[in-house]
Amino acid sequence: MLDIKQIREQTEYVRERLSLRGGGDEKKLEEVMAHDEARRKGLAEVEQFKALRNRVSKEIGALMGQKKVQEAEEKKKETRDIGDKIAALDKLVAEAEEKRDEILIRLPNLPHSSVAIGKSAEDNPEIRVFSQKQAYTFKPRTHIELCESLKLIDFNRATKISGSGFLLYTHWGAKLERALIQFLLDLHTEQHQYVEVSPPFIVNRESMTGVGQFPKFLDQAYAVQEGLDGSTVGKLYLVPTAEAPVANIHRDEILPEAQMPIRYCAYSPCFRAEAGAAGLGTRGMIRVHQFDKVELIKIVTPETGYEELEKMVLNAEKVLQLLDLHYRVINLCTGDMGFASAKTYDIEVWAPGQNQYLEVSSCSNCEDFQARRMNLKFKNSQGENKYPHILNGSGTALARLFVALVETHQQPDGSIKIPPILQPYLKADSIRAN
RNA sequence: GGAGAGAUGGCUGAGUGGUUUAAGGCGCACGCCUGGAAAGCGUGAGUACCUAAACAGUACCGGGGGUUCGAAUCCCCCUCUCUCCUCCA
């Protein structure tokens, strides 16, 4: 959530930054400020009446104590109608606040000054590249062909069980998926100082709102119903990412500064309705309703937010380097950024069978946008309560990593060579048909 | 699913309509004392809103509503937590 004080005091700056996103959200500012103005005006008025009421009530209390009942009764008469005025004004203030917050909670974060200005993915600057597209002596097969010939995934039966957009990993496919998860968690906890957590895969509405999923992306979530009780729909949701439970671990807390930086990593499946998304319903693993991911979360002081973001991207890149995969890092331009983010790097891994780059990681600094929504603060050395920066990054997403891995390391005979780092996890150096 | 208990500040814990500005204790910070420390004594400290700013004002005792001049306290609704029973991996 944006800071209403900043909107009030630096209106033109906020308007300019919002307009760079290209979503037209800056047009909502006038309305927000009008409601805010009404709220503050009403508040000033009602507080005067409340001060008066408190003063008189105290006097009545004193008179009662001295058994001066007659005088007390007269005072009561005097203040009888104040209550009605207060009630009316209170209602006015509450309504103005509600209207203000309804808009405010749907406004996206402001892009950081270092973010490239642009309209779409076309305008995303490339930051760096690792390795290069590998040359093959044969036409690289797609992951779909490889998964079928090596029996890594049973696409048809997954559809039978759940529907399109779901995967049934089988045999070495299931083992490879598990090996990758284990490898990622070990890497980040042992080499990159993250603390492993294993969160619930179902979260409540508050957690979804805290990270900015709700109310804007309510249509992309899977809502859960308890048994036959239809009234329970809307209470709980399948996690779209581990960011939802993990970033909320310290919601409504005031952290001691000494406890920061906090670094968590967590495995979770990710459930996405992908309503209206391009690529949904096409065969394969690129866009699915459920995929595995190891997520990285940091809660840090504002001073260190951006250097921690750089480190986080390097942590995610390390995964691809160790697996010997070609990738590029891009910086999302103002028009292509996510709702809660102030700055985002995407890592795209090369998939030779697809002949395209696949997004396997998105690392963002949301600054205090989420912290404000979830009322998470830290107490600094001066004893003041401040909002921390909250960062999230994929380290990395699994289904697409799986795709890049099998497509990149496929051999002329149709087998998959397993990178050395992964061999102890898979307990095999290659995957071949029978 | 059944029965019961509970939710008060950083923690603990009193408070059943008004000099409560939420007692007391623990912990914390600072000071006195001391060669230094402990103990002891003293002082201080919640969160947010509002305001140009304030030692001004307002709100906050799980959440929402009601009664009243006045609610932590009385009434209604809701949420959550804990204990026991039942069932279950």
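Below, all heavy atoms of this structure are taken into account, side chains as well, without hydrogens, waters or symmetry copies.
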May I ask you to evaluate whether A:R40 reaches the phosphate of B:U51, defined as a side-chain N or O under 4.0 Å from OP1 or OP2?
yes

Using atom types as modelled and distance alone, determine if a side-chain donor or acceptor of A:Q220 lies under 3.5 Å from a backbone N or O of A:E274.
yes

A:S415 side, atom OG; A:L150 side, atom CG - distance, nearest 0.5 Å
7.5 Å

Nearest of B:G18, B:C49, B:U58 to any side-chain atom of A:K5?
B:C49

Of the listed nucleotides (B:C50, B:U58, B:C69), which one gets closest to any side-chain atom of A:L43?
B:C50

Candidate nucleotides B:U47, B:C50, B:A59, ranked by approach to the side chain of A:R53 - the nearest:
B:A59

Between A:H389 (side chain only) and A:C366 (backbone N and O only), is there a donor and an acceptor less than 3.5 Å apart?
no

Selected nucleotide, minimal atom distance to A:I60 side chain, candidates B:G57, B:G18, B:U21
B:G18

Both atom distances under 3.5 Å, Watson-Crick or G-U wobble: I'd like the secondary structure of RNA chain B as a dot-bracket string, with | for pairs made across strands.
((((((((.[[[..)..(.....]]].(((((.......))))).((((.......)))).[[[[[..)....]]]]])))))))....

Looking at B:U58, B:C80, B:U47, which one has an atom nearest to any side-chain atom of A:K50?
B:U58

In this structure, which one of A:D346, A:N331, A:D336 forms a side-chain hydrogen bond (donor to acceptor under 3.5 Å, both in side chains) with A:N124?
A:D336

Gap between atoms NE2 and C1', on A:H35 and B:C49 respectively (whole Å)
19 Å

Between B:C69, B:C80, B:A48, spot the one nearest the side chain of A:K235, thanks.
B:C80

Can you tell me if the side-chain N/O atoms of A:K379 get under 4.0 Å from OP1 or OP2 in B:U47?
yes

Looking only at side-chain atoms of A:R39, point me to the closest of B:C50, B:U47, B:A59.
B:C50

What nucleotide, of B:G18, B:C49, B:U47, holds the atom closest to the side chain of A:N385?
B:U47

When you check the phosphate oxygens OP1 and OP2 of B:G57, does a side-chain N or O of A:N54 lie under 4.0 Å from one of them?
no

